[in-house]
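Just so we're on the same page: letters track the sequence lines, and every chain starts at 1.
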Number of protein chains: 2
Amino acid sequence: MTTAPGAPAGRRGGRRAPVMHDVARLAGVSHQTVSRVLNGSPGVRQATRERVEAAIAELDYRPNAAARALVTDRSAAVGVVVADTTLFGPASILLAVEQSVRRRGREVNVASLPDLDVASVADAFAYLEELRVGGVVVVAPQRTAADVMLALPEGTPVVAVDGGLVADLPIVCVDQALGAALVTEHLLDLGHETVHHVAGPPDWLEAEERVAGWRATLSDSGRGVPEPVGGGWTAADGYAAGQLLARDPDVTAVFAANDPTALGVVRALQEAGRRVPDDVSVAGFDDVPEAPFYGPALTSVRQNFPELGELAVATLLDLVAGAEVPRGRVPERTVTPSLAVRSSTAPPPTTRRTS
Amino acid sequence: MTTAPGAPAGRRGGRRAPVMHDVARLAGVSHQTVSRVLNGSPGVRQATRERVEAAIAELDYRPNAAARALVTDRSAAVGVVVADTTLFGPASILLAVEQSVRRRGREVNVASLPDLDVASVADAFAYLEELRVGGVVVVAPQRTAADVMLALPEGTPVVAVDGGLVADLPIVCVDQALGAALVTEHLLDLGHETVHHVAGPPDWLEAEERVAGWRATLSDSGRGVPEPVGGGWTAADGYAAGQLLARDPDVTAVFAANDPTALGVVRALQEAGRRVPDDVSVAGFDDVPEAPFYGPALTSVRQNFPELGELAVATLLDLVAGAEVPRGRVPERTVTPSLAVRSSTAPPPTTRRTS
DNA sequence: TTAATGAGCACCGCTCCGCCC
DNA sequence: TGGGCGGAGCGGTGCTCATTA
């Protein structure tokens, strides 16, 4: 598409891309000044700056990333370490991050994790480090990932998305515990004695926080806290958990850790002859696009993933630019989830309260 | 993590990464020879080559990608243009491609499409071109993407995934028409008079091929071909189409363009008082992990996405290496889908045939 | 005197060229 | 023919030193 290196022939795709020298000539300045403008160095008069910027625009000049990376030993790219992208949450966040970064004219390098062991996470970081990315967004809210992050040498800016317990890094997150509390309160408000929970994988921090939020809400209301069941994100995991819960006639309300598990729970209950929501209410988390069309339409917690991604990128680039960014979780970087109430939740079969 | 640029101090993260000269010295050859070995140039004796390789291994030397990109004006990266990654298919393919590329030690640059118009697709290509990627995998099987690809200047190798009509590029694909035929035949075999189709978005080539496969199968069996309904990939689209189909009492079998639409169809039918599969059979496409847990468990077509991604990457790298790769669709690059029969499909209410 | 800019150059790590043994 | 040697870029960054208003 461009000139073959060195060869005078092969100018197939049009003329050579402009380089810094071309900009300097057009603006009537030295390449030095162009560089100063590009890097926002002080000591450039406003008028000069504007002339250079006009020349850049006219030539449609883009700095050569490879040349800059070569000399600075850092690229402007943003690396993303991401767990299983077939899951709705990580996939949505990755998409949001990718688009945010590209909108800012930077490059994204993705390292997805084939497994969730420490080696896999460490590999991903090593890969991105080898690419000399300028910063990393981590969308891998597992304990193993957290462990690796804590052991990371200083140097490359890192922002964690939803990595609730890694207090030493800037964190951008959805208030998972609040989401869990919203669902649990909703179910209690409907008149249920207590709420059972089908938990996500124990290694996932999000799963843990949802458990915590659910547990705290029950305790605060003076309700019994049943033992959580489950241990995965898939519909199959939910199905297995649902079969267990179906055996207990006291179960009238179930909060599942995400929507696929909720689907599995519903299916298992229905197969066991329990109606949803007439006999048992079920709610999920994530609010996947299909949730309104499950049978019955699923009550779920919605997270604003695009906002989360944008926030993560903005924070990371602040960090890259050398700004002081508070570590850990802070309210400005915590996204509030909301509850979408649909028809999978209803009052319990016999509302003893109001008798 | 590494030495601060230029500064003699700040050697924080350990010693400097080895460069080609270090390898040359250790192997007792010149940097020239190391370069020859690295690039597989001829004219290096076997013994010398082995010595160099040993030195590379001992020092754990990795060529500096930025330096190489600077001089060759091409990076070793693979670009991926991908449509809506919240859809199961594209997300799965992207994941497969990313892992395949990384396994080969190369870098991936993703450009996802915020919209499906020509400008958006052209932007994505321009972005990747600016990054000087060595090749591009396109996972955007829309007509608009195909149009842009056809207008692409020669130069950068491109492989299309599932872009059925772009005959001038190497294509890696799932035999969509065969998948559609499998479902349609399955439904006819069950005794249905004909099969209705809820189509995907008209701009998507995959959707079109599924229509074609369905239509051909019906014609070949001498059945009437009803007008397809629908026009989207979402459960909401399927729901709308299902409401339409529910009004026609002759409808006993529906093939939906993907699983979410199938879910929507099922829901609309059920709300209209039609039982699935007793009154109407419904089948989907994609076989999402949740499909077995829909109510009823959904009959669907499974595509081997990991294989597709691996094939796409292998083909692209052959192309990058200068190999002659046949254009268009060829059997070696066509992945065969399979049918997963579950409980959403059954014989029609009254099997008139066998009376 | 100072702030803004220019001129020139070394350097990042690699590829490729010419020339030599 | 296999290989060494030296050197010129690639397009930036950032340094020193001189020059100008």
Side-chain angles (χ1 to χ4, degrees), chain A residues 2-10 16-52 55-56 59 61-77 130-132 134, chain B residues 2-11 16-52 55-56 59 61-76 130-132 134:
Chain A
T2 46
T3 310
R16 206 177 109 275
V19 297
M20 193 183 271
H21 189 72
D22 301 324
V23 175
R25 203 170 20 191
L26 181 62
V29 299
S30 73
H31 72 113
Q32 181 64 273
T33 302
V34 177
S35 180
R36 285 181 183 128
V37 170
L38 246 35
N39 298 301
S41 313
V44 178
R45 209 179 330 176
Q46 188 56 26
T48 313
R49 182 180 299 277
E50 278 162 14
R51 230 158 15 136
V52 170
I56 289 175
L59 295 176
Y61 165 76
R62 326 281 177 93
N64 183 314
R68 178 178 279 174
L70 178 59
V71 62
T72 60
D73 198 36
R74 270 302 126 181
S75 82
E130 192 170 327
L131 295 180
R132 298 278 190 274
Chain B
T2 47
T3 310
R11 196 155 294 169
R16 204 176 109 277
V19 298
M20 193 181 270
H21 187 73
D22 301 324
V23 176
R25 203 171 20 193
L26 181 61
V29 300
S30 74
H31 69 121
Q32 181 64 278
T33 302
V34 177
S35 180
R36 286 183 184 123
V37 170
L38 246 35
N39 297 301
S41 314
V44 178
R45 209 179 328 182
Q46 186 57 26
T48 312
R49 181 179 300 277
E50 278 162 13
R51 241 183 16 230
V52 170
I56 288 174
L59 295 175
Y61 165 76
R62 324 283 176 93
N64 182 312
R68 177 178 282 176
L70 178 59
V71 61
T72 60
D73 198 35
R74 268 304 124 181
S75 82
E130 192 171 327
L131 295 179
R132 299 278 189 275

J.: Rounded to the nearest Å, what distance is computed from the CZ atom of residue Arg132(A) to the P atom of nucleotide dC12(C)?
T.: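 Rounded to the whole Å, the gap is 14 Å.
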J.: Check whether any side-chain heavy atom of Asn39(A) lies under 4.5 Å from a side-chain heavy atom of Arg68(A), and answer yes or no.
T.: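 Yes - at least one pair of side-chain heavy atoms lies under 4.5 Å apart.
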J.: Of the nucleotides dG8(C), dG6(D), dG12(D), which one has an atom closest to the side chain of His31(A)?
T.: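 Closest nucleotide to the His31(A) side chain: dG8(C).
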J.: Can you sort out the partners of Arg49(B) under side-chain contact (heavy atoms from CB on, under 4.5 Å), two or more places apart, ordered by chain and number?
T.: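 For Arg49(B), the residues satisfying side-chain contact (heavy atoms from CB on, under 4.5 Å) (neighbours in sequence not counted) are Val37(B), Val44(B), Gln46(B), Glu53(B).
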J.: Starting at CG of Asp73(A) and ending at P of dG11(D), how long is that distance when rounded to a whole Å?
T.: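 Rounded to the whole Å, the gap is 20 Å.
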J.: Please report, rounded to the nearest Å, how far the P atom of dG11(D) is from the CZ atom of Arg74(A).
T.: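 Rounded to the whole Å, the gap is 24 Å.
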J.: Roughly, in whole Å, what's the span from CG in Asn64(B) to C1' in dT15(C)?
T.: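 Nearest whole value for this atom pair: 13 Å.
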J.: Between Arg68(A) and dG11(D), is there a contact of a side-chain N or O with OP1 or OP2 at under 4.0 Å?
T.: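 No.
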J.: For the side chain of Ala67(B), starting at C-beta, report the closest nucleotide among dA4(C), dC14(C), dG12(D).
T.: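 Closest of the options to the side chain of Ala67(B): dC14(C).
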J.: List in chain and number order the residues that pass side-chain contact (heavy atoms from CB on, under 4.5 Å) with Val29(A), two or more places apart in sequence or in another chain; answer none if no residue qualifies.
T.: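 Result, side-chain contact (heavy atoms from CB on, under 4.5 Å) vs Val29(A): Ala24(A), Ala27(A), Thr33(A), Val34(A), Thr48(A), Arg51(A), Val52(A).
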J.: Can you tell me how far C1' of dG13(C) sits from CZ of Arg25(B), to the nearest Å?
T.: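 For the pair Arg25(B) CZ and dG13(C) C1', the rounded distance is 14 Å.
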J.: Given atom OH of Tyr61(B) and atom P of dG13(C), what is their separation to the nearest angstrom?
T.: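 In whole Å, dG13(C) P lies 10 Å from Tyr61(B) OH.
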J.: Identify the heavy atoms of Arg74(B) and Thr72(B) that sit nearest to each other, and give their distance.
T.: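 In this case the closest contact between Arg74(B) and Thr72(B) is O-OG1, 2.9 Å.
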J.: Do Leu59(B) and Leu26(B) come within less than 4.5 Å of each other through their side chains, counting heavy atoms only?
T.: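 Contact flag for Leu59(B)/Leu26(B) side chains = yes.
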J.: As a test of reading the structure: which of dC12(C), dC5(D), dC14(C) is closest to the side chain of Leu70(A), going by heavy atoms?
T.: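 Of the candidates, dC12(C) comes closest.
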J.: Does a side-chain heavy-atom distance below 4.5 Å link Leu38(B) with Pro63(B)?
T.: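 A side-chain contact under 4.5 Å exists here.
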J.: Using heavy atoms and a sub-4.0 Å distance, could you list which residues of residues 32-39 of chain B are near DNA chain D? By number, please.
T.: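 Residues of residues 32-39 of chain B that come under 4.0 Å of DNA chain D are, in numerical order, Gln32(B), Thr33(B).
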J.: If I take atom CE in residue Met20(A) and atom P in nucleotide dG14(D), what distance separates them, rounded to the nearest angstrom?
T.: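 Taking CE of Met20(A) and P of dG14(D), I get 10 Å after rounding.
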J.: Whole angstrom is fine here: how far is it from CZ in Arg49(B) over to C1' in dG2(D)?
T.: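 In whole Å, dG2(D) C1' and Arg49(B) CZ are 12 Å from each other.
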J.: Do the side chain of Ser75(B) and the main chain of Arg132(B) share a donor and acceptor less than 3.5 angstrom apart?
T.: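 Such a contact is found between Ser75(B) side chain and Arg132(B) backbone.
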J.: If you assign each of His21(B) and Gly43(A) to its closest nucleotide in DNA chain C, which residue comes earlier from the 5' end?
T.: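 The residue whose closest nucleotide sits nearer the 5' end is Gly43(A).
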